Amino acid sequence: MATTPAPHPQAPPKPTWDPRDPVRPLLRPTIRIRLTLLYGGMFLIAGILLLSIIYLFTAQALSDSTSQLPFKVVNGTVQPTTSWCRLPESPTGDQLNDAVTLCLRHQSDLALDDLLRRSLFALLGLSIIAFAFGYAMAGRVLSPLGRITRTARQVAGSDLSRRIELDGPDDELKELADTFDEMLDRLERAFTAQQRFVANASHELRTPLAINRTLLEVHLSDPGAPVELQQLGKTLLATNERSEQLVEGLLLLARSDNQIIERKPVDLAEVAERGVDQVHAEAVAKGVEIRRELDPAVVQGNGVLLERIALNLLQNAVRYNVAEDGWVEVTTETKDGQAVLVVSNTGPVVPAYEIDNLFEPFRRLRQERTGSDKGVGLGLSIARSVARAHGGRIIAEPREGGGLVMRVTLPI
């Protein structure tokens, strides 16, 4: 009974900034920036409210104190000491009192303006100090998170021996760090077991297949063997060769799932040229023309694995092509700080909803398992795994008129 495959989990959204870039945006919305803005903003709002209350109380007090003079001028001479205070030349008592009241009220307004100006400058200075202090304190509080992030980044580079080992109070951050260390222990054990399994499987699976191939070749070399036995031997030899290819593909797929630790400069143009040379004979036999436009595109990686990407893409492009007037075009270039390898070909029309299935192991267009003479169904899976191990990606797009456009992008 056929079972419906489980839907693939959606990948988490990627950040808008590159975490590997040493020069990060200054205004990146980190937790530290948000805490700084939160605490500094709260201090600023509190300062503005306090300043407004003090200003209103002071204005009310001065207004009440200058509404009526605590003295009354009856006779005598009063002279202004400022240009903005104007008194009548021969005033009566009431006129002089009103003029003095206006002068005192204007002086209180000037005092309020000066108070407001000085208070604003003081609030600005204290706000700068508060933001700086909040930023420093947020950095101190969140420093364990930075340590966790750096350790996780080192682990992402296949250094599973790294641990956080956070010291300090037994709080939530230490609990997070200890949990992360426990997870790294389990991951290290799992990857070590996987590497041990791959090494053992490499020996245990290759040896009997090599023995079978040798025995079959010895029997086929016997000129006195019956025709039926020779035909059966050729069939078994082809099956054994297919099993060897399957084992090699599975082992390569298991090894390429990890990050590449030892990296050397590799030119994708040279890699693509070697791939073209290896599929040239098969392309000629199928009547497929290979076009190339190879510009230098140097990346840091493993040359053997990168050559496998080019070879697998070219083999698929040649084998899954049209019967007549087919062509394959391979180009390499550098674009936007990345090295790009593009392999496009003529071929059958590929629906867009079938693209993702092509990268699954043992899956082909409208086919499954390994019942085909065009390969074991691991080529694109291996290519995607190798690209990911180099920090890049591979994208397949249906080509108008039939065929595919395979685009591999790798960081320089």
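When reading the values below, keep in mind they use all heavy atoms of this one structure, side chains included, and skip hydrogens, waters and symmetry mates. This is a predicted model, so every value here is computed, not measured.
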Once rounded to the nearest 0.5 Å, what's the spacing between atom CE of Met406 and atom CG of Leu341? 10.0 Å
Kindly write out the residues that satisfy side-chain contact (heavy atoms from CB on, under 4.5 Å) with Leu187, not counting sequence neighbours, or none if the list is empty. Met183, Leu184, Phe191
Heavy-atom closest contact (Leu220 atom, Lys234 atom, distance): CD2-N, 3.9 Å
Exam field: side chain Thr346 to backbone Trp327, donor-acceptor pair closer than 3.5 Å: yes
I'd like to check Val266 versus Asn302 (side-chain heavy atoms, cut-off strictly below 4.5 Å). Are they in contact? no
Distance, nearest 0.5 Å, that separates CZ of Phe121 from CG of Leu116: 10.5 Å
Would you say that more than 12 heavy atoms from the other residues, nucleotides or ligands in this model lie under 6.0 Å from the CZ of Arg407, or not? no
Partners passing side-chain contact (heavy atoms from CB on, under 4.5 Å) against Ser52 (at least two apart in sequence or in another chain): Ile48
Return yes if some donor-acceptor pair links the side-chain N/O of Asp295 with the main-chain N/O of Thr334 below 3.5 Å, else return no. no
Begin from the C-alpha positions of Leu306 and Leu410 and carry the test side-chain contact (heavy atoms from CB on, under 4.5 Å) through to its verdict. CA-CA 10 Å; Leu306 291 176; Leu410 300 173; 3.6 Å; yes
Using a cut-off of 6.0 Å, state whether more than 12 heavy atoms not belonging to Asp113 lie near its atom CG. yes
Dump the intermediate steps for side-chain contact (heavy atoms from CB on, under 4.5 Å) on Leu51 and Leu120, then the final yes or no. CA-CA 8 Å; Leu51 178 60; Leu120 287 176; 3.6 Å; yes
Look only at the side chain of Asp181 and the backbone of Glu165, and say whether a donor-acceptor pair between them is shorter than 3.5 Å. yes
Is a side-chain N or O of Thr214 found less than 3.5 angstrom from the main chain of Ala210, in a donor-acceptor match? yes
Between Phe43 and Ala130, which heavy-atom pair has the shortest distance, and what is it? CD2-CB, 3.4 Å
Taking CD in Glu175 as the centre, count heavy atoms belonging to other residues, nucleotides or ligands within less than 6.0 Å. Is the count above 12? no
Gap separating the CZ atom of Arg291 from the OG1 atom of Thr331, nearest 0.5 angstrom: 12.5 Å
Between Asp222 and Leu229, does a side-chain contact (heavy atoms from CB on, under 4.5 Å) hold up when you go through it step by step? CA-CA 10 Å; Asp222 184 8; Leu229 185 59; over 6 Å; no
Between Glu282 and Arg319, what is the shortest heavy-atom contact and its length? OE2-NE, 2.9 Å
For residues Asp185 and Arg163, determine if any side-chain heavy atom of one lies less than 4.5 Å from a side-chain heavy atom of the other. yes
Test item: Val276 and Leu294 side chains (from C-beta on) under 4.5 Å apart, heavy atoms: no
Rounded to the nearest 0.5 Å, how far apart are CG of Leu123 and CG of Leu44? 6.0 Å
Shortest non-hydrogen contact from Ala383 to Ile394? CB-CD1, 4.2 Å
Less than 4.5 Å apart, any side-chain heavy atom of Asn345 and any of Val288? no
Reported CG-to-NE2 distance for the pair Leu237 and His219, which is rounded to 0.5 angstrom: 12.0 Å
Closest approach of Pro398 and Ala352, non-hydrogen atoms and distance? CG-CA, 4.1 Å
Could you tell me whether the side chain of Asp267 and the main chain of Ala297 form a donor-acceptor pair under 3.5 Å? yes
Indicate yes or no: at least one non-hydrogen side-chain atom of Val386 is less than 4.5 angstrom from one of Ile382. yes
Applying the side-chain contact (heavy atoms from CB on, under 4.5 Å) test to Leu404, which of Leu380, Asn316, Leu358 qualifies? Leu358
Treating Asn321 as the side-chain partner and Ala317 as the backbone partner, does any N or O pair qualify as donor plus acceptor under 3.5 Å? yes
Check whether any side-chain heavy atom of Glu397 sits under 4.5 Å from a side-chain heavy atom of Ile355, and report yes or no. no
Does any part of the side chain of Asn312, heavy atoms only, come nearer than 4.5 Å to the side chain of Gln315, both counted from C-beta? yes
Does a side-chain N-to-carboxylate-O contact under 4.0 Å join Asp178 and Lys174? yes
Could you tell me whether the side chain of Arg274 and the main chain of Leu311 form a donor-acceptor pair under 3.5 Å? no
For residues Gly391 and Pro411, report the shortest heavy-atom separation together with the two atoms involved. O-CD, 3.5 Å
Can you tell me if CD on Glu293 sees more than 12 non-hydrogen neighbours from other groups inside 6.0 Å? no
Could you check whether any side-chain heavy atom of Thr235 comes within less than 4.5 Å of a side-chain heavy atom of Gln231, counting everything from C-beta outward? yes
Measuring from Leu216:CG to Asn240:CG, what's the distance to the nearest 0.5 Å? 6.0 Å
